[in-house]
Amino acid sequence: MKKIIGLLLLAALISVAVPQSALATGTPIPGIDISIGTSDEPGDTVSTLSIVLMLTVLSLAPAILIMMTSFTRIVIVLGFVRMSLSTQQMPPNQVLIGLALFMTLFVMAPTIGEINETALQPYMEGELTQTEALNEAAVPLKKFMASHTREKDLLLFLEYGNIPRPASYEDIPLTALVPAFAISELKTAFQMGFLIFIPFLVIDMVVASTLMAMGMMMLPPVMISLPFKILLFVLVDGWYLVVKSLLVGFTT
């Protein structure tokens with residue numbers, strides 16, 4: 001992570017410093033010329049199709065991040081925490097999404113490292129073709145998703161698609177594994193959200209009953225219960241417990 005951040009900062013400094021120095025010395029700045037033409041060489045067509053395929057994969061990167069990683073469960077659970085506290089937009093969406101992204105990188109680090117070793121580096125060195133690299137990269141993702149997918153959810157898509165039961169996770173097609181993993185993550189996230197809601201629901205019920213007994217019917221119970229819910233969440237170190245439960249859930 002430190003190397004990545006350092007490279008990004010270096011690239012930003014170069015992009016700012018190079019134009020300024022070029023303008024100061026009068027050095028011409030090189031341009032980029034992209035042209036579209038015809039070719040009689042089959043290799044040029046294959047290269048063009050490979051570039052189009054890679055651009056397509058990059059355009060699907062947000063969907064891959066959401067549907068094939070731990071991001072779904074994390075961001076839903078964090079959303080449930082904010083809803084149970086009744087704090088409206090606190091923490092803001094940007095904070096929750098940022099925390100979910102960095103937690104996803106932390107959880108997926110072993111899988112990403114395996115993809116880098118078995119697929120990306122051999123492909124960059126020319127040892128694997130593009131198709132072989134994609135197949136190798138899918139294996140660690142299948143392993144991660146299969147370990148967190150319920151058998152019932154996976155069988156739903158296998159039976160509907162008339163797909164024979166695979167012998168191992170490597171034989172599971174992504175068209176069946178990805179939606180099965182997604183609905184499994186949704187169920188797990190909602191179960192965790194239900195458990196998070198219970199203590200705060202008790203506080204809301206106690207405050208509402210007390211206000212009704214006092215005859216204060218016009219006073220919103222949320223206005224009174226909100227400080228108590230925040231106090232409870234802070235005293236039990238709620239963010240630590242929520243993050244810990246999420247991490248433990250992905251390590252078991």
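What you see is a predicted model, and the numbers here were worked out from it, not measured in a lab. Computation of the quantities below employed the complete heavy-atom set of this structure, encompassing side-chain atoms and omitting hydrogens, waters and symmetry-equivalent molecules. Along the sequence shown, the residues carry numbers beginning at 1.
- The salt bridge (Lys or Arg N to Asp or Glu O under 4.0 Å) contacts involving residues 67-77 comprise Arg73-Glu185, where partners must be two or more places apart or lie in separate chains.
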Criterion side-chain contact (heavy atoms from CB on, under 4.5 Å) on Ile196 and Val77, from CA distance to verdict: CA-CA 9 Å; Ile196 292 173; Val77 171; 3.8 Å; yes

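- At least one side-chain heavy atom of Arg150 sits under 4.5 Å from a side-chain heavy atom of Thr188.
- Connection of Leu201 to Phe233 is not established within any shared hydrophobic cluster, with ILVMFWY side chains joined at heavy-atom distances below 4.5 Å, either directly or through further cluster members.
- Residue Met145 forms a side chain to side chain contact (heavy atoms under 4.5 Å, CB included) with just one option from Thr69, Leu177, Ile172, and that option is Leu177.
- Every side-chain contact (heavy atoms from CB on, under 4.5 Å) that Met67 has, sequence neighbours left out, goes to Val178, Ala182.
- Clustering ILVMFWY residues whenever any of their side-chain heavy atoms sit less than 4.5 angstrom apart, transitively, puts Val236 in a cluster other than the one holding Leu231.
- Scanning both residues, Trp239 and Pro91, for their nearest heavy atoms gives CZ2-CG, 3.8 Å.
- Residues Val242 and Val95 fall into different hydrophobic clusters, defined by Ile, Leu, Val, Met, Phe, Trp and Tyr side chains chained together at heavy-atom separations under 4.5 Å.
- Contacts classified as salt bridge (Lys or Arg N to Asp or Glu O under 4.0 Å) and involving residues 223-247 (residues at least two apart or in different chains) are given here: Asp204-Lys229.
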Show which side-chain atoms of residues 151-168 pair as donor or acceptor with protein atoms under 3.5 Å away, not counting sequence neighbours.
| unit_1 | atom_1 | unit_2 | atom_2 | d |
| --- | --- | --- | --- | --- |
| Asp153 | OD2 | Ser184 | OG | 2.6 |

Leu96 vs Val75, test: side-chain contact (heavy atoms from CB on, under 4.5 Å). Steps then yes/no. CA-CA 7 Å; Leu96 292 184; Val75 74; 5.5 Å; no

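- The side-chain contact (heavy atoms from CB on, under 4.5 Å) test applied to Val202 returns Val206, not counting sequence neighbours.
- To the nearest 0.5 Å, atom OG of residue Ser84 and atom CD1 of residue Ile203 are 10.0 Å apart.
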For residues 98-115, which side-chain donor-acceptor pairs fall under 3.5 Å, sequence neighbours excluded?
| unit_1 | atom_1 | unit_2 | atom_2 | d |
| --- | --- | --- | --- | --- |
| Thr104 | OG1 | Ala100 | O | 2.6 |

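- Aromatic pair Phe194/Phe80: centroids not less than 6.0 angstrom apart.
- Residues His148 and Phe181 keep their aromatic ring centres 6.0 Å or farther apart.
- Leu195 and Met205 are members of different hydrophobic clusters when ILVMFWY side chains are connected at heavy-atom separations under 4.5 Å.
- Atom-to-atom distance recorded for Ile74:CD1 and Met192:CE is 9.5 Å, nearest 0.5 angstrom.
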Could you walk me through whether Ser70 and Phe144 pass the side-chain contact (heavy atoms from CB on, under 4.5 Å) test, one step at a time? CA-CA 9 Å; Ser70 58; Phe144 173 80; 4.2 Å; yes

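- Shown here for Leu226 and Leu85, the closest heavy-atom pair between the two residues is CD1-O, 3.0 Å.
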